[in-house]
S.K.: 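There's a structure below that I have some questions on.
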Amino acid sequence: MRTFKQTSFLRGTAMLFCASLCCAANAQSAINDSTRTAMAATLEDATVADTSTSSSSRTDLPDAPQSTDPASTHQDGQTKRILGIIPNFRAVSADVKLPPQSVKEKFITASQDSFDYSSILLPAVVAGYSQITNATPEFHQGAAGYGRYFWHSYVDQASENYFVEFIGPAVFRQDSRYYTMGKGGFVKRTEYSLSRAVITRNDAGKEVFNASEIIGAGASAGLSNLYYPSAERTFGNTAGKWGQSVGIDAATFMFKEFWPDINHHLFHGHAD
């Protein structure tokens, strides 16, 4: 038989062992809880970081490109040149609304119409016609005669451009641009385009008498007497140049009006 001391020792050992197991279990549970908490915190931090990175990435992406050119919204709009050889810098596409021209813009437009490479076409045609009709006998015929006709026609054009497109619009506060109608029948659009030689917009957008065209073309015709032969400095010749300038501008307005249609049907909008 076991003695009392042995029994007490065994009971104490068993109680100590059970207490150790309980402590171990509690410690393991605490460790597991701590591990789960740490893992949850780590997962939450990772989620926040991923969301922040994704948001940052979306913020860094560029916006979709936006068109700021009014003409780009019009498939069959005006081009800067017609067929690449006729100046068309002051034509505005149909339905395009632009702010008033500044004096600087009026000067730039006149300069483009006068000195662009395409600006030699009209003087070349006018010079040929003038030589054929012997408009200025003092210039004679042949290549030398044509050269005289050409440079006089070129100076006439540049002078008229600056009076009609820059000086006149700056003085009378008028818009030198041609606003395309683009809608309606042929007769209606023809009447509109030809009328722009005597009717234009002022800087406030209202239709007014085109003093820039009429007075500017007359001033240019008068100035030409300074560099034409003295025999040509008559009232009749000056009035003829005046009327010719206005007539040419009216005809070009009509051409500008229908150019987008011609460009669309013949060149699918690619000719400029």
Side-chain angles (χ1 to χ4, degrees), residues 66-82 84-123 154-183 189 191-223 242 245-260 263 272:
Q66 301 292 328
S67 174
T68 58
D69 183 8
S72 66
T73 61
H74 296 264
Q75 182 179 0
D76 301 320
Q78 294 284 358
T79 59
K80 292 183 178 180
R81 299 178 185 85
I82 297 174
I85 55 176
I86 301 175
N88 194 33
F89 297 101
R90 57 178 176 147
V92 179
S93 299
D95 300 325
V96 172
K97 296 181 180 180
L98 298 176
Q101 277 184 307
S102 66
V103 174
K104 179 181 179 180
E105 289 172 333
K106 295 170 184 178
F107 175 79
I108 291 174
T109 300
S111 299
Q112 289 175 324
D113 277 346
S114 300
F115 300 110
D116 184 75
Y117 72 85
S118 59
S119 64
I120 66 172
L121 177 66
L122 186 58
Y154 187 88
V155 174
D156 288 346
Q157 174 180 269
S159 170
E160 200 253 359
N161 285 341
Y162 277 98
F163 273 107
V164 171
E165 300 176 25
F166 169 54
I167 299 175
V171 172
F172 299 112
R173 298 183 179 180
Q174 295 181 339
D175 196 324
S176 70
R177 296 170 291 201
Y178 175 78
Y179 289 85
T180 308
M181 174 176 280
K183 301 176 182 177
R189 293 173 66 185
E191 290 177 347
Y192 166 81
S193 60
L194 294 177
S195 70
R196 297 307 95 181
V198 292
I199 301 174
T200 190
R201 298 184 185 187
N202 60 16
D203 288 341
K206 298 180 179 180
E207 289 195 342
V208 294
F209 172 69
N210 195 348
S212 300
E213 174 69 38
I214 304 303
I215 297 177
S220 175
L223 183 65
W242 186 2
S245 295
V246 175
I248 289 175
D249 284 346
T252 57
F253 289 156
M254 180 178 173
F255 195 15
K256 293 173 188 290
E257 174 65 32
F258 292 101
W259 165 241
N263 189 26
D272 59 358

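Everything quoted here is computed from the prediction, not taken from an experiment.
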S.K.: Tell me the side chain to side chain donor-acceptor pair (under 3.5 Å) pairs involving residues 106-115, sequence neighbours left out?
M.R.: Lys106-Asp203, Ser111-Tyr162, Ser114-Asn161
S.K.: Verify the neighbour count for atom CZ of Phe258: are there more than 12 heavy atoms of other residues, nucleotides or ligands below 6.0 Å?
M.R.: yes
S.K.: I need the single residue from Gln101, Glu165, Arg201, Glu105 that forms a side chain to side chain donor-acceptor pair (under 3.5 Å) with Ser176. Which is it?
M.R.: Gln101
S.K.: Of the non-hydrogen atoms in Glu213 and Ala197, which two are nearest, and what is the gap between them?
M.R.: CG-O, 3.2 Å
S.K.: Does CG in Leu121 sit with more than 12 non-hydrogen atoms of other residues, nucleotides or ligands closer than 6.0 Å?
M.R.: yes
S.K.: Would you say the side chain of Tyr117 lies within less than 4.5 Å of the side chain of Arg81, judging by non-hydrogen atoms?
M.R.: yes
S.K.: Quick one, Gln174 with Thr200, criterion side chain to side chain donor-acceptor pair (under 3.5 Å). Give me CA distance, side-chain angles, the key distance, then yes/no.
M.R.: CA-CA 7 Å; Gln174 295 181 339; Thr200 190; 5.6 Å; no
S.K.: To check you understand the geometry: which heavy-atom pair defines the closest contact between Phe163 and Leu223, and what is its length?
M.R.: CE1-CD2, 3.9 Å
S.K.: Go through the steps to decide whether Ile215 and Phe172 satisfy the test side-chain contact (heavy atoms from CB on, under 4.5 Å), and finish with yes or no.
M.R.: CA-CA 10 Å; Ile215 297 177; Phe172 299 112; 3.8 Å; yes
S.K.: Taking C-beta and beyond as the side chain, do Trp259 and Thr79 meet within less than 4.5 Å on heavy atoms?
M.R.: yes
S.K.: Is there a salt bridge (charged side-chain N to carboxylate O under 4.0 Å, His left out) between Asp116 and Lys80 once you walk through the steps?
M.R.: CA-CA 11 Å; Asp116 184 75; Lys80 292 183 178 180; over 6 Å; no
S.K.: Do Asn202 and Arg173 make a side-chain contact, defined as non-hydrogen atoms from C-beta onward lying under 4.5 Å apart?
M.R.: no
S.K.: Are Lys256 and Phe253 close enough that some pair of their side-chain heavy atoms sits under 4.5 Å apart?
M.R.: yes
S.K.: Are any side-chain N or O atoms of Ser195 and backbone N or O atoms of Tyr192, one a donor and one an acceptor, separated by less than 3.5 Å?
M.R.: yes
S.K.: Using modelled atom types only, decide if a donor and an acceptor are shared between the side chain of Thr252 and the backbone of Ile248 within a distance under 3.5 Å.
M.R.: yes
S.K.: Look only at the side chain of Ser220 and the backbone of Glu160, and say whether a donor-acceptor pair between them is shorter than 3.5 Å.
M.R.: yes
S.K.: Working to the nearest 0.5 Å, report the span between CD1 of Ile108 and OG of Ser102.
M.R.: 7.0 Å
S.K.: Rounded to the nearest 0.5 Å, what's the gap from OH on Tyr179 to CG on Asp95? Could you check?
M.R.: 13.0 Å
S.K.: Got a donor-acceptor contact below 3.5 angstrom from the Ser118 side chain to the Ile86 backbone?
M.R.: no
S.K.: About how many Å separate CG of Asn210 and CG of Asp175, when rounded to the nearest 0.5 Å?
M.R.: 10.0 Å
S.K.: Checking Glu257 now: which residues fulfil side-chain hydrogen bond (donor to acceptor under 3.5 Å, both in side chains) with it, not counting sequence neighbours?
M.R.: Tyr178, Arg189
S.K.: Looking at residues at least two apart in the chain, or sitting in another chain, which of them share a salt bridge (charged side-chain N to carboxylate O under 4.0 Å, His left out) with Glu207?
M.R.: Arg196
S.K.: Taking atom types as modelled and ignoring hydrogens, do the side chains of Gln78 and Thr180 form a donor-acceptor contact shorter than 3.5 angstrom?
M.R.: yes
S.K.: Ignoring hydrogens and angles, tell me if any N or O in the side chain of Trp242 forms a donor-acceptor pair with the backbone of Ile214 under 3.5 Å.
M.R.: yes
S.K.: For Gly182 and Ala94, which heavy atoms make the closest approach, and how far apart are they?
M.R.: CA-CB, 4.0 Å
S.K.: Which heavy atom of Tyr154 sits nearest to which heavy atom of Ile120, and what is that distance?
M.R.: CE1-CG2, 4.1 Å
